[in-house]
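Note sheet for the following structure.
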Amino acid sequence: MAKEKLNFEDAQIRSNYRHTTSHILAEAVKNIWPDAKLAIGPSIENGFYYDFDMEHKLSDQDLLKIMKEMKKITQANHKLERFELPREEAIKFMADRNEDYKVELINDLPEGEIISFYQQGDFVDLCAGPHMDSTGQIKAFKLMSVAGAYWRGDEHNKMLQRIYGTSFPTQEELDAYIAKLEEAKKRDHRKIGKEMDLFAIFEEGPGFPFFMPKGMVIRNELENFWREEHKKRGYDEIKTPLILNEQLWKTSGHWDHYKDNMYFTKIDDQDYAIKPMNCPGSMLAYKRKMYSYRDFPMRMGELGQVHRHELSGALHGLMRVRTFTQDDAHIFMLPEQITDEIIGVVNFIDDVYKMFGFKYHIELSTRPDDSMGTDEEWNMAESALKTAIEQVGAEYVVNEGDGAFYGPKLDFHLEDSIGRTWQCGTIQLDMQMPQRFDLTYIGSDNEKHRPIMIHRVIFGSIERFIGILTEHFAGKFPLWLAPVQVKLLTVAETFSDYAKEVAEKCEEAGLRVELDIRNEKIGYKLREARNERVSYIGIIGEREVEAKALSVRSSKVGELGELSVDDFVAKLVEEIKTKAL
RNA sequence: GCUUCCGUGGCUCAGUUGGUAGAGCAGUGCAUUCGUAACGCACAGGUCGUCGGUUCAAUCCCGUCCGGAAGCUCCA
């Protein structure tokens, strides 16, 4: 092949490159442990993996060994050659090599499918391709980790050993990628959360986070913001209990569909459940009285704390917990109001995410196999979501069959600093709850009718959203959210009185200010304040006292020089008011 | 829950090829009044996640449980 430069921007080429690397990995493993059985080894988002079934337990030491072997294979520069076999021969070919998993894969290929193999040196793998031309084209690679993975992703199957790795056309690009991972690690909300003393999780309650004073500031600011925005948009707020009797959950259907994730308790010998979702409570709230069609649309919001028994292995800082607060809302409406209401929510979510500078994408999930309800209902609901999103002009991808059993949904996925996406916002049309709880309203015809209902969240979970914000801003929160907006540092104790005056002015203006008048060197105090990621550090010494000013340093922009106290306060107040990023 | 790895003072970590642990930061006291990322000295602080086993002896070996990390599965 000619020595033209590889276009690594091209997803297909990138995938081929990494897929070929995974074959080299497989060959290396087979060279070292001939009894290893091959499962599958695709390219993935940022690299590739290969699954093996083998006696030897792989360790990090082994990864180095395997990489050496891979190096040999790339240096040997074997050609990758494709060939095809008829089904029977293909099965025999793999069976002769004891590749049970490959045989299973071939057996599952649809009738008439071409069965192709790729060979490099003595190594052959069942593979649809395509691939690079030769192993020598793989210039820079690294094996990242070993992990368990179920055969075919099914937890009832055998656990295989999966090796993750990545590869790039040059060592520089590989190094850059690894540097990026390290940067992401530095932003890990669990690390920053500890450093800034935002929250803590103890052994006594895995998955049950504590919010410490500084984390509470962020949380309260978010909730205040949430309340303001909902008030503007015509929502009412309610609060429903954490514990309600078991019958409610049978009525709602959660008993059948969600029981394994719920916590239970007994009160006076009666069975109760701790809510994993807010909807059933809201249904009771709705049913407390009669409604007219004139009452709609009716928007009921709730910052509802839910508890769910998540698998211990799934817990992850604030991102995945066992209790969290959903910024929930249920909207009850007439059929002809659906499109407008959904547009309202889509715009609402867009407004909020933009405020934080988030990129996001929308997914529309349609009717799953085990759904409830009629075709008419589903068609109506799906087209309502589609119409709304198209009228707004937003892009979206469709997830066929990925909706909830009670209705289709729009999911909003935020992208965090590492490029991971988190589902936060969601809009779900629910066609089951209103029926199960027999919700009604009186129409203009003086007859009872069934209202349409949607559930929706914007942050998704306050806890997770704080985790995402922490990583997104690397702890340098926008001023309106920052736990400490101003920290005043004195150069020496003689300036304490003036510093206190300045602090008082800040407080009067509503700023969250801390004062460091300790008898320490300025460099020491400054270092501490910077580590705390304080938004603005004001330094006060002789010059500042005389000028009625302070020397200001911003965590985002750096040195701002000397500002008068009034200008400084006014600047910050404005920044908070506009919720500037 | 499963696979692999991990669990030493508040934090970050060192250490013991088995004979009851050490540093820096933080804390306290003293000294310093010193202009932009860590002044110095001293003191105090852990029985090495839990329970059990092996051993004359375990923090270091084995097992159990609890917790954590990565991945799988699941999901806000």
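So you know, we letter chains A, B, ... as the sequences are listed, proteins then strands, and number each from 1.
Note that CD of A:Glu501 is 7.0 Å distant from NZ of A:Lys505, once rounded to the nearest 0.5 Å. Between A:Phe48 atom CZ and A:Thr21 atom OG1 the span is 5.0 Å, to the nearest 0.5 Å. Distance check: A:Lys500 NZ to A:Leu488 CG gives 12.5 Å after rounding to the nearest 0.5 Å.
For the pair A:Arg18 and A:Phe168, the distance from NZ or CZ to the six-membered ring centre is under 6.0 Å and the angle to the ring normal is within 45 degrees. The cationic group of A:Arg464 does not satisfy the cation-pi geometry with A:Phe324, failing either the under 6.0 Å distance to the six-membered ring centre or the 45° limit from the ring axis.
A salt bridge is absent between A:Arg187 and A:Glu182; no separation between the charged side-chain nitrogens and carboxylate oxygens falls under 4.0 Å. Under the 4.0 Å criterion applied to side-chain N and carboxylate O atoms, A:Lys186 and A:Asp188 are not assigned as salt-bridge partners. Note on A:Glu341 versus A:Arg299: salt bridge recorded, some NZ/NE/NH1/NH2 to OD/OE distance being below 4.0 Å. Note on A:Lys239 versus A:Glu302: no salt bridge recorded, every NZ/NE/NH1/NH2 to OD/OE distance being 4.0 Å or above.
Taking atom P on both nucleotides, B:G24 is separated from B:G63 by 36 Å, rounded to a whole Å. A gap of 27 Å separates the C1' atoms of B:A37 and B:G22, to the nearest Å. Taking the P atom of each, B:C74 and B:C13 are spaced 33 Å apart, rounded to whole Å. Nucleotides B:G52 and B:U59 place their P atoms 12 Å apart, quoted to the nearest Å.
Sequence order on RNA chain B of the closest nucleotides to A:Gln423 and A:Leu315 puts A:Leu315 first from the 5' end.
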* With the sugar-phosphate defined as primed atoms, P, OP1 and OP2, and the base as all remaining atoms, what B/S/- string results for nucleotides 34-39 of chain B, 5' to 3', for protein heavy atoms under 4.0 Å? -> BBBBBS
* Which parts of nucleotides 1-13 of chain B does protein reach within less than 4.0 Å, heavy atoms only, written one letter per nucleotide 5' to 3' as B for base, S for sugar-phosphate only and - for none? -> BBBS-------S-
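Counting any heavy atom pair closer than 4.0 Å across all strands shown, A:Tyr49 reaches no nucleic acid atom. Within the 4.0 angstrom heavy-atom criterion, no nucleotide atom of any strand lies near A:Glu195. Residue A:Arg464 is classed as a base contact, given a heavy-atom separation below 4.0 Å to a base. Residue contacts shown for A:Val321 include a base, since a base heavy atom lies under 4.0 Å away. Heavy atoms of A:Arg190 sit under 4.0 angstrom from primed sugar atoms or phosphate atoms, though from no base atom.
A donor-acceptor contact under 3.5 Å is formed by the side chain of A:Arg320 with the base of B:C74.
A:Glu382 contributes a side-chain N or O that, together with a main-chain N or O of A:Arg367, makes up a donor-acceptor pair within less than 3.5 Å.
Around CD of A:Glu542, the count of heavy atoms belonging to other residues, nucleotides or ligands within 6.0 Å does not exceed 12.
For B:A70, one of the phosphate oxygens OP1 or OP2 lies less than 4.0 angstrom from a side-chain nitrogen or oxygen of A:His316.
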* Structure fact -> Secondary structure of RNA chain B per the Watson-Crick/G-U criterion (both distances under 3.5 Å; [ ] crossing, | other strand, . unpaired) is (((((((..((((........)))).((((.........)))).....(.(((.......))).))))))))....
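Side-chain N/O atoms of A:Thr325 and A:Arg219 include a donor and acceptor closer than 3.5 Å.
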